[in-house]
Trainee: 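Quick one: the structure is below, questions incoming.
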Protein chains: 2
Amino acid sequence: MKDDQPNPRPQTRIQQRNRQTILEAALEVFSAYGFRGATLDQIAAEAGLSKPNLLYYFASKEAIHLELLSGLMDTWLDPLRAMNPDGEPTAEILAYVRRKLEISRDFPRESRLFANEILQGAPRMQPALEGDLKSLVDEKCALIRGWSDAGRIAQIDPYHLIFSIWALTQHYADFDVQVRAVLGPGHDPFAEADRFVETLYQRLLKT
Amino acid sequence: MKDDQPNPRPQTRIQQRNRQTILEAALEVFSAYGFRGATLDQIAAEAGLSKPNLLYYFASKEAIHLELLSGLMDTWLDPLRAMNPDGEPTAEILAYVRRKLEISRDFPRESRLFANEILQGAPRMQPALEGDLKSLVDEKCALIRGWSDAGRIAQIDPYHLIFSIWALTQHYADFDVQVRAVLGPGHDPFAEADRFVETLYQRLLKT
DNA sequence: TGTTGATTTGACCATCTGGTCAAGATAAGC
DNA sequence: GCTTATCTTGACCAGATGGTCAAATCAACA
């Protein structure tokens, strides 16, 4: 996201590789144990580096965590940004749902990291929530309201419609153990979820 | 749940009161910071007791946490247990949704404690999930499937129907900060959610 | 009131944890 | 190969944290 130019910081190949390795390891550990539950030793072990070496690449434990979180917000917002005002309303909303569910399936650790942060009151993300997130949601909700006012989808509160999409799709990543425990073996929760949410939102939005 | 008889352990009034005070304080702290993020000193301060005194009433930090979790499961299952096979299907399901949302509104700390535990892989609850929870859900899903096979509600996967109820209702407790950040001031998320989920499930279940 | 058992706590301990530092190993340019 | 800048680490530190313990305080009851 930053340091794309060769100037500001040299960013040798070793630096690039090791910072990446560390972030990957930190994601694994933070998403499983939360910020305070994770230790630098765990992350170092996961990354195959020594603890002082971690701190050569990142100023502190908090700095690693922040870097992960800031990288997250964009991944989070992109699918919603992609909702096209000129598309067919139901198709656009369903595409958003499907895309969000794919993200839960493919990036469950990121989803849990995010959930951990919000659960604990979002101490490091509140500004982003009230800023970028809110304004994007406001914009898309205006769009959705336009669609329902024009009778192209059923009348529904657009904000809570979006909340429901977040809740449903993230549930399969964040509560994975519970879902699997209840379904028992021999199930593909995400495949089933895909069919379920499609049905749900089609019935909800049908005029 | 245990020690209802006066015999096994005396349980003086002081003991009863202090154990309760400690559990209340621990709920506050654990739900806000997670198990590892919470400290005995924090809990002691919140309870207005000294740390050694906590450990006079509970064997360890873990013991406090376990007691909270075990108390939780029942509160969690009760609304689902209350689903009446002889009632009107849509009304029964909507009542369940409403009851679950009330719990999110009235016991958000319990909801977050639970979410924290599941998020981190449910290390201390997996047996309960695969046991009591699964069998109750299996039972109620059979019931719901009966309803939809009889044409009394629309065809829908009962397991994912229940997951959707959990996801939606708990979202308002667990992601409270996010919901409020997006809605902005002047909203009552739970009141709005109540209307939203009612609409959603009515449209989903209508034959 | 004296005695006994329950309750409370200050002082303490071992371990863990985030972080530092100086010295050594390695890679890169000349 | 030599020099310089980058990278790596063993040893260490200060503070936090879960937990212990003996001694002190309190409550109840004979």
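Just so we're clear, the structure is a prediction, and the values are computed from it rather than from any experiment. Every chain is numbered from 1, with letters handed out A, B, ... down the list of sequences.
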Trainee: Side chain of B/Asp41: nearest nucleotide among D/dT6, C/dT7, D/dG18?
Mentor: D/dG18
Trainee: Does any residue of residues 44-62 of chain A have a heavy atom under 4.0 Å from DNA chain C, and if so, which ones, in number order?
Mentor: A/Lys51, A/Pro52, A/Leu55, A/Ser60, A/Lys61
Trainee: Quick one: ring-ring contact (aromatic ring centres under 6.0 Å, His included) partners of A/Phe114, sequence neighbours excluded?
Mentor: A/Trp76
Trainee: For DNA chain C, find the residues of residues 25-33 of chain B with a heavy-atom distance under 4.0 Å and give them by number; none if there aren't any.
Mentor: none
Trainee: Phosphate oxygens OP1/OP2 of C/dT7: is one of them under 4.0 Å from a side-chain N or O of B/Gln15?
Mentor: yes
Trainee: State which residues pass side-chain contact (heavy atoms from CB on, under 4.5 Å) with A/Ser50; sequence neighbours excluded, sorted by chain then number.
Mentor: A/Pro52, A/Asn53
Trainee: Under the rule for side chain to side chain donor-acceptor pair (under 3.5 Å), what residues qualify as partners of A/Asp194, not counting sequence neighbours?
Mentor: none
Trainee: Going from OG on A/Ser111 to CG on A/Asp174, what distance comes out if it is rounded to the nearest 0.5 angstrom?
Mentor: 3.5 Å
Trainee: Going by side chain to side chain donor-acceptor pair (under 3.5 Å), name the pairs with one or both residues in residues 24-38 of chain A, residues two or more places apart or in two chains.
Mentor: A/Glu24-A/Arg109, A/Glu28-A/Arg109
Trainee: My understanding is that only residues two or more places apart in sequence, or in another chain, count here; which of them pass ring-ring contact (aromatic ring centres under 6.0 Å, His included) with B/Trp166?
Mentor: B/Phe163
Trainee: Taking ring-ring contact (aromatic ring centres under 6.0 Å, His included) as the definition, give me every residue that meets it alongside A/Tyr201, ordered by chain and number, with sequence neighbours left out.
Mentor: none
Trainee: Mind checking what makes ring-ring contact (aromatic ring centres under 6.0 Å, His included) contact with A/Tyr172, not counting sequence neighbours?
Mentor: B/His160
Trainee: If I take atom CG in residue B/Leu40 and atom P in nucleotide D/dT20, what distance separates them, rounded to the nearest angstrom?
Mentor: 11 Å
Trainee: Using atom CD of A/Gln42 as one end and atom C1' of C/dG19 as the other, report the distance to the nearest whole Å.
Mentor: 17 Å
Trainee: On the nucleotide D/dT17, are OP1 or OP2 found under 4.0 Å from the side-chain N or O atoms that A/Arg36 carries?
Mentor: yes
Trainee: Taking five pairs at each end, how big is the angle between the two axes of the helix from C/dT1-D/dA30 to C/dC30-D/dG1, to 10°?
Mentor: 10°
Trainee: If the condition is side-chain contact (heavy atoms from CB on, under 4.5 Å), which residues does A/Thr75 pass it with, not counting sequence neighbours?
Mentor: none
Trainee: Under 4.0 Å between a side-chain N/O of B/Asn18 and OP1 or OP2 of C/dT8, yes or no?
Mentor: yes
Trainee: Tell me which of B/Arg17 and A/Ala38 sits closer to the 5' end of DNA chain C, going by the nucleotide each one is nearest to.
Mentor: B/Arg17
Trainee: Against the six-membered ring of A/Tyr159, is A/Arg145 placed for a cation-pi contact (under 6.0 Å from the centre, within 45° of the normal)?
Mentor: no
Trainee: State which residues pass side-chain contact (heavy atoms from CB on, under 4.5 Å) with A/Glu139; sequence neighbours excluded, sorted by chain then number.
Mentor: A/Leu136
Trainee: I need the CZ-P distance between B/Arg19 and C/dT8, as an integer number of Å.
Mentor: 13 Å
